[in-house]
Structures are given as C-alpha cells and as structure tokens.
Amino acid sequence: AVALQQRALQTMLQEMQFVLGQRIAGKWDQVIIALCGIAPDANAVVTETARKNPYLAVQCINSGVQVADLLLRQVVLQILQLWINPNQRMKRTAEDALQSLGPKALSAIISIWRDPGESSLRAAAENAIYLVSGSPALPPLIHNLLESSPEAAAAALERLREFSTQIMIH
C-alpha cells in the first residue's frame, strides 16, 4: 500500500471486469482498500477509485474509513445508475454493493430520492431503501415522511440518521 501511495493511483485502478455474472477483483483491489486506511485523506482515494470502479469504492467505504457524506452520495448515485442498467451482471453486482453498504447508505439514497434532478433514479432509490433498510417497517415510514412537508421530513430524516447510526453500532 505504501508503494502504491507513491505511484499514481490512477494507473493501478482497473475497469470493472465480469466473468459468469460476477465481478472479478483486480490484482490491486486489496492494496487500494488498504491504502484508504493509511492515506492521510481517504476521501481522495475513494473519489479517484469511484471514477473508474464504483464497486471497489464501495469496498473501500466498507473497510471502515470515514468519507464525506457528499462522497458517499456520489458513490451511491453511481451504484444506483448501474443498478438500472439492463445488463443483468451489473444489476446484480450493484445490488450486492448496495446491500453491503446497508443502513449507512440510507441518507444518501433518501437524498437522491428527494432530488428532482435525479428523477430518473427515483424508483431505483425507493427500491434501494427497501434493500438497505434491514427492516420491512422502515421503507413505508420513509416513503410517508418524504411525502410530508419538507420541515417534518427533515426532522424525521435526522431521527432516521440517528437510528441508522445505532443499527451500525450494534
């Protein structure tokens, strides 16, 4: 990982490759994930990784590094865009990536769902809420909150963020 840090990360990143519907890990994947943990700025490594391989960026995030909320949203947005792709192997891999993020992706997914600029992803975001929430009761609650007044929804979403943080701790 230290040697990679000295080399250009972009030259080590590989495009996503699939065999029999499964994503194949690149030879540098584990090193890049380790680099996220030792880099002075994990956000920079995850950002660069997401440009070429959003699935690897999810693995970096899942390694336990702290990333900015905006960066998490960007990665989740990329995964949602791949999830609506007609290519079944990309769809399956995107679904796996969303499930692996779990409740920590909830805030980003809700933000995308609410964003009028992302209306083409609204159905995918709503389905992703079901996928990552971990509770059958939570998605209908979120849906009802999102349809309520912006002030009430903002307050409820803050409570849901706290709830999702508690879920991740346990």
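Annotation: side chain of I38 is in contact with side chain of L35 (closest heavy-atom distance under 4.5 Å). Counting heavy atoms from C-beta on, the side chains of L101 and I109 never come closer than 4.5 Å. Put simply, the side chain of D41 does not reach to within 4.5 Å of the side chain of V45, judged on heavy atoms.
The CD atom of E95 sits 9.0 Å away from atom NZ of K91, with the distance rounded to the nearest 0.5 Å. In this structure, OG on S111 lies 11.5 Å from CG on L106, to the nearest 0.5 angstrom. Distance CD1/I110 to CD1/I129: 5.0 Å, rounded to 0.5 Å. Residue R122 holds its CZ atom at 9.0 Å from CZ of R114, rounded to the nearest 0.5 Å. To the nearest 0.5 angstrom, R92 atom CZ is 8.5 Å from N87 atom CG.
Counting all heavy atoms, side chain and backbone alike, I33 lies closest to S63 at CG2-CB, 3.6 Å. Contact record, L98 with V132: O-CG1, 3.2 Å, taken as the closest heavy-atom pair.
Paired with I61 under the rule side chain to side chain contact (heavy atoms under 4.5 Å, CB included), one option of T49, L56, L71, V75 passes, and it is V75.
With salt bridges taken as basic N to acidic carboxylate O contacts below 4.0 Å, one links E48 and R51.
Using a distance-only test at 3.5 Å, with no hydrogens or angles considered, no donor-acceptor pair links the side chain of Y55 to the main chain of D96. Remark: side-chain polar atoms of N85 are not paired, donor with acceptor, to backbone N or O of M90 under 3.5 angstrom. Judged by distance alone, the side chain of Q78 and the main-chain N or O of A50 form a donor-acceptor pair under 3.5 Å. Looking only at distances, a side-chain donor or acceptor of T47 sits under 3.5 Å from a matching main-chain atom of N43.
Applying the salt bridge (charged side-chain N to carboxylate O under 4.0 Å, His left out) test to pairs two or more places apart or on separate chains, those with a residue in residues 66-75 are R73-D115.
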Please assess E118 against L77 for the test side chain to side chain contact (heavy atoms under 4.5 Å, CB included), listing each intermediate value before the final yes or no. CA-CA 9 Å; E118 302 298 345; L77 179 66; 3.7 Å; yes
Before giving the answer on side chain to side chain contact (heavy atoms under 4.5 Å, CB included), spell out for I79 and V58 the whole-Å C-alpha distance, their side-chain angles and the decisive distance to 0.1 Å. CA-CA 9 Å; I79 296 297; V58 166; 3.9 Å; yes
Side chain to side chain contact (heavy atoms under 4.5 Å, CB included) between W83 and V76: does it pass, once the steps are laid out? CA-CA 10 Å; W83 198 24; V76 168; over 6 Å; no
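A search for side chain to side chain contact (heavy atoms under 4.5 Å, CB included) contacts involving A42 returns V65, not counting sequence neighbours.
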